[in-house]
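Here the structure comes first, spelled out in structure tokens, and everything after it is commentary.
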Amino acid sequence: MTVAPKREAYDVVVIGAGPAGLAAAATSAEAGLSTLLLDENIGPGGQVFRAIASTPVTERNQLGADYWVGADLVRTLRASNAEIIQRATVWSLDRNLEIAVSIGGASAFARAQRVILATGALERPFPIPGWTLPGVMTAGAAQTMLKSSALVPDGRTVIAGQGPLLWLLAAQILRLGGRIDRILDTTERGNYFAALPHAFAFLTSPYFVKGLSMMREVRAKVRVVSGVTELAAAGDGQLASVSYVAGGKRETIPADLLLLHQGVVPNVNLAMAAGVEHRWDDLQLCWSPVLDASGNSSVAGIAIAGDGAGIGGATAAVVRGRIAARAAVEALAPAAAAKLAPMAQLRAELAKTERGRMFLDTLFRPAPQFRIPAGDTIVCRCEEVTAKDILDAVAIGATGPNQLKAYRRTGMGPCQGRLCGLTVTELMAQARGKTPQEIGYYRLRAPVKPITLAELAAVPKSEADVKAVVRG
Amino acid sequence: MSRDYDVAVVGGGLLGSAIAWGLGRLGKSVAVLDEGDITKRASRANFALIWVQSKGLGMPAYTVWTVRASEAWGRLASELKQQTGLDVSLQQNGGFHLALGEDEFGQRADFVKRMHNQVGAADYKMEMLPASEVKKALPLIGPEVSGGSYCPLDGHVNSLRTFRAFHTGFKAFGIDYFPERPVSAISKSGGEFRLTTPKGELRAAKVVLAAGNANQTLAPMVGLHAPMGPTRGQIVVTERTMPFLPHPLTTLRQTDEGTVMIGDSMEDELDDRALKLSISGVMADRAQRMFPHLARLNLVRSWAGIRVMPQDGFPIYDQSETHPGAFVACCHSGVTLASNHAFEVARMVAQGALEPELVGAFSASRFGGAGAANNSGY
Amino acid sequence: MFRRSEQDKRPQVEIFVDGVAVAARQGDTVSAALLASGRDARRSTAVSGAPRLPYCMMGVCFDCLVTIDGVGNRQGCLVPVAEGMQIEIQKGKREIGK
Ligand SMILES: Cc1cc2nc3c(=O)[nH]c(=O)nc-3n(C[C@H](O)[C@H](O)[C@H](O)COP(=O)(O)OP(=O)(O)OC[C@H]3O[C@@H](n4cnc5c(N)ncnc54)[C@H](O)[C@@H]3O)c2cc1C
Ligand code: FES
């Protein structure tokens, strides 16, 4: 099923079929705009609603009610006129809103009047000693396998980190009969105090009751160690043990699987490559795009919705998707906007979903030692560059990620900096006594995902293009 | 930053770094002033060839200078290795320029003939080879390759590691490298140059301008002249693959890490952030016609760099009449010429005068009026 | 490391891993099928040869690189299995012609 887009140009192209993208595409199509939704995965749903249309997990309560919300979103979208293409990887988006997308090993090209980026989030790098060992994965990875293939951990399993997703995953694993030997909670003790002023908003938010009951459910079955201040994975070519320090005491436990998680961060690659301005977010500790209230970015015609716009969670993502789409409709077909939920109503809904966010962000702000590694801990997994290598580069004059790249190849591998970029920025900021904003980020360019040489070769070319290359 | 230096080098790219390193090697106290992380820095964007064939049509002295650099590269690589432990992966076993189809072959053959007919140039044995001969050296070429030119002096290097090795070597030579110190003004008083930067003034007995295309604005501050005509070059690079290419080509080479670099366009556009896909498309298309098995390789990155390009394509090395002790150096092919910069240019700067027999032809006095046509032959 | 929940009633799909038949399920990604198989599916990196297994399962980390039907360096976590698919665990750099 490898179909190229039916048209050359669309009113709205939405990239990413998670909650934000599903909602945005449905809204735009409902208003009668020609709408294309492109998504890299096998089926719609993004990370939260992963495999929503195909999951083998039939006992609905095991995944939880929040998961099945995704099914309605997909149904609504499928009932609309939006064109949906899965397994479609967008590898280039430029200021002229020209899109290059790889589908089934061939590239297709489309133009848009409005692009809504809904490329979501990825898990924050968790660069501890041994995190590249086979047997160490992200919690999100385990959850992906659980949702899409009903796979659960079987051997000696340790989950380490913090944040709502970690507890949700633990509960899901247990409900499906999987094994968890221990949970190592890395939430900093001081964060509880820092988060206190925001507690009221949280207590009255929908997260509170749900979160609490989930934690209770997990704690009843698994030993949870809180206040973990150090963490390392070890083994010879394969994870064998996890060691940690809690309350000043070190312990080492045997393990076959270590699942790491310390929150999610916006997936910025496509937006940055398109030239969208980003700023360092000091609370969420990541790069977030600079957006107006409708999600419009610094590049005319490009809006961002969902977690790619700054972490807000699935419910907020749906509303942000509708807001961005409504704004596109207002710009392209103002008359049709009347059909849609009014902007004021959407903004009010968004404000409601954002209640409690400050509390979560403050409470689950990852500790520095889990973000900024030292010594021979690997920072860049692709090029196998360590924290020490990076500090050596700073010592000979690297002031930011781009000169570092020239010296050390960080970020030059296939993941294109997705798993080292934040660490590099923060590590260099610490080493140089600067803010992450001052240090900056890799300059990203197309292709934002690898494509074959043949695909690039198939781009339409002019005589002038040939002249720019061929020389006697 | 009140310390006085023998020499202040403006620009920490490959040119400035090679010259500074060479000066440090001679025991001079040197400061290198450079911009920060986001800047046009050709030394991070280049194709890393040490290239002799086709250099110097229209200026025989450039051919001589290039051959000299190619011959001195081995010494540079081994000194850097000794000093820093970094292997820059120098390989000089000859390089190819491949032609696709008969027309391109004919054009290249004409070019080779014109090069050979040029008097006063060094002989570097560039020759045309038919496809059957090329295939012996490069067994994986495709059927469209009609042949190409070959020169035994050509080679390539890991230019990023070279860049790092120079900067690593600074430490050992006691050279001060100051990033985030763009120079905005230079004056001379009391026999000393004073360089203005956002973080204060720096004084030095001599100054070398090696700020790439920015030399055009800096040079007049010390009575020099450096007319530039930059161009943009795009490059794409693949994932790592097993070694398959024993020789570098003008537009395709396999790095010591295993990636395949495919270059490089020549455009008037000077924005290095945006890319023109249709141009990289031509590069990709030609690469897969040269080596069909590459078609399935994944490209992981692409970028654009702005070439440091004197207006006529040939290097500029000059010294100031009005401000003795001020020098300017800029050229395309800063990788190829790095050895000359580290050994010869540094020596001449240290001794206080450029040697006309070596670099006299490269004085900017050759730009009488408007810049001549670009003839870099690159 | 992982096992299948009993409720999974998806039809079986047979794939071959380094020539050996392995039972996967329709809708599995190649990486999920490999992890579920219990086989040693560790690839080795192109840089140092270090062993790796999938890390993110969402297309980000490229630690799931694998040769699928003769094409090297594919992201196993993004490719669904198909009947008769030939998988090779990739050791080091991508080979010429693969
Ligand atoms: C696409 C491309 C392909 C190439 N391929 C090859 C090749 O295969 N072989 C080869 O030999 N050469 C090649 N080159 C050329 C080679 O890279 C350059 O000749 C060389 O890097 C030039 O070095 P540079 O130091 O003059 O310039 P740059 O590397 O550009 O350095 C200039 C430095 O000056 C700094 N600067 C600017 N203004 C100021 C100021 N006011 N104060 C202080 N600092 C300042 C900049 O920040 C920068 O660090 C290529 C170039 C490009 C763009
Ligand atoms: S497992 Fe991370 S990209 Fe496939």
Side-chain angles (χ1 to χ4, degrees), chain A residues 40-43 47 50-51 54-59 62 87 89 105 122-123 131-138 140-146 148-155 157 176-179 237-239 256-257 260 267 378 381-385 409 413-416 418-419 449-450 452, chain C residues 1-11 13 24-38 40-65 68-69 71-82 89 93-94:
Chain A
E40 180 175 46
N41 283 293
I42 296 171
Q47 306 311 331
R50 162 85 56 179
S54 64
T55 179
V57 181
T58 44
E59 303 194 20
Q62 293 188 335
R87 299 194 68 198
T89 303
L122 36 99
E123 285 176 276
W131 73 309
T132 55
L133 281 172
V136 182
M137 302 177 91
T138 69
Q143 201 187 34
T144 295
M145 285 191 282
L146 182 143
S148 54
S149 285
L151 283 165
V152 286
D154 194 20
T157 301
L176 267 84
R179 173 171 172 178
Q238 178 81 45
L239 177 69
D256 303 305
L257 181 63
L260 296 172
N267 178 1
I378 284 183
R381 298 173 63 101
C382 295
E383 294 294 328
E384 302 182 37
V385 185
R409 296 187 59 82
C415 101
Q416 301 176 338
R418 286 171 174 88
L419 278 167
K449 271 298 188 78
T452 64
Chain C
M1 222 184 280
F2 290 89
R3 65 174 180 77
R4 296 187 187 275
S5 159
E6 291 81 40
Q7 64 189 302
D8 181 358
K9 297 286 163 359
R10 293 171 300 165
V13 173
R25 302 279 171 96
Q26 197 173 73
D28 277 351
T29 61
V30 168
S31 296
L34 286 171
L35 288 168
S37 75
D40 181 1
R42 290 173 300 171
R43 72 174 185 110
S44 58
T45 65
V47 176
S48 72
R52 295 272 176 93
L53 278 179
Y55 175 73
C56 75
M57 292 299 276
M58 56 177 279
V60 173
C61 72
F62 290 77
D63 265 329
C64 57
L65 294 179
I68 301 177
D69 289 333
V71 180
N73 272 1
R74 300 209 51 203
Q75 284 177 281
C77 75
L78 292 180
V79 180
V81 294
I89 305 302
K93 295 186 183 92
R94 186 167 172 181

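Every chain is numbered from 1 and lettered A, B, ... according to where its sequence line falls, protein lines coming before strand lines. In this text, all values refer to a predicted model and were calculated from it rather than measured experimentally.
With respect to chain A, the highest number of heavy-atom pairs below 4.5 Å among Ala46(C), Ser31(C), Cys56(C) belongs to Cys56(C). Among the candidates Pro80(C), Ala32(C), Ala50(C), the residue making the largest number of heavy-atom pairs closer than 4.5 Å to chain A is Pro80(C). When Pro134(A), Cys415(A), Gly155(A) are compared by the number of non-hydrogen pairs under 4.5 Å with chain C, Pro134(A) comes out ahead.
Taking both residues in full, the closest heavy atoms of Asp8(C) and Pro56(A) are given as OD1-CB, 3.4 Å, listed atom of the first, atom of the second, then distance.
If you measure heavy-atom distances from Leu151(A) to chain C, the contacts under 4.5 Å come from both the backbone and the side chain. Contact annotation for Gln26(C): neither backbone nor side-chain heavy atoms come within less than 4.5 Å of a heavy atom of chain A. With a threshold of 4.5 angstrom between heavy atoms, Leu239(A) does not approach chain C through any atom at all. Both the backbone and the side chain of Val79(C) come within less than 4.5 Å of a heavy atom in chain A. With a 4.5 Å cut-off on non-hydrogen atoms, Leu122(A) touches chain C through its backbone and its side chain both. Contact of Thr132(A) with chain C is made through backbone and side chain together, with heavy-atom distances under 4.5 Å. Of the atoms belonging to Arg25(C), not a single heavy atom falls under 4.5 Å from chain A. Heavy-atom distances place the side chain of Leu260(A), and not its backbone, under 4.5 Å from chain C. Neither the backbone nor the side chain of Asp40(C) comes within less than 4.5 Å of any heavy atom of chain A. At a 4.5 Å heavy-atom cutoff, the contact between Arg42(C) and chain A is made by side-chain atoms alone. If you measure heavy-atom distances from Gln143(A) to chain C, you find no contacts under 4.5 Å at all. Heavy atoms of Gln416(A) lying under 4.5 Å from chain C are absent altogether.
For the pair Phe62(C) and Pro450(A), the minimum side-chain heavy-atom distance is below 4.5 Å. Inter-residue side-chain proximity for Gln7(C) and Leu176(A) is flagged as met; some heavy-atom pair is nearer than 4.5 Å.
Judged purely by atom type and a 3.5 angstrom limit, Glu40(A) has no side-chain atom pairing as donor or acceptor with the backbone of Gly59(C). Listed for the Arg50(A) side chain is no donor-acceptor partner under 3.5 Å among the backbone atoms of Met58(C). Put simply, the side chain of Lys9(C) never gets that close to the backbone of Thr58(A): no donor and acceptor are under 3.5 Å apart.
Taking Ala33(C) as the reference, Ile15(C), Ala24(C), Asp28(C), Val81(C) meet the side-chain contact (heavy atoms from CB on, under 4.5 Å) condition, with sequence neighbours excluded.
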Apply the test side-chain contact (heavy atoms from CB on, under 4.5 Å) to residues Gln238(A) and Met1(C): give CA-CA distance (whole Å), side-chain angles for both, the deciding distance (0.1 Å), then the verdict.
CA-CA 12 Å; Gln238(A) 178 81 45; Met1(C) 222 184 280; 3.7 Å; yes
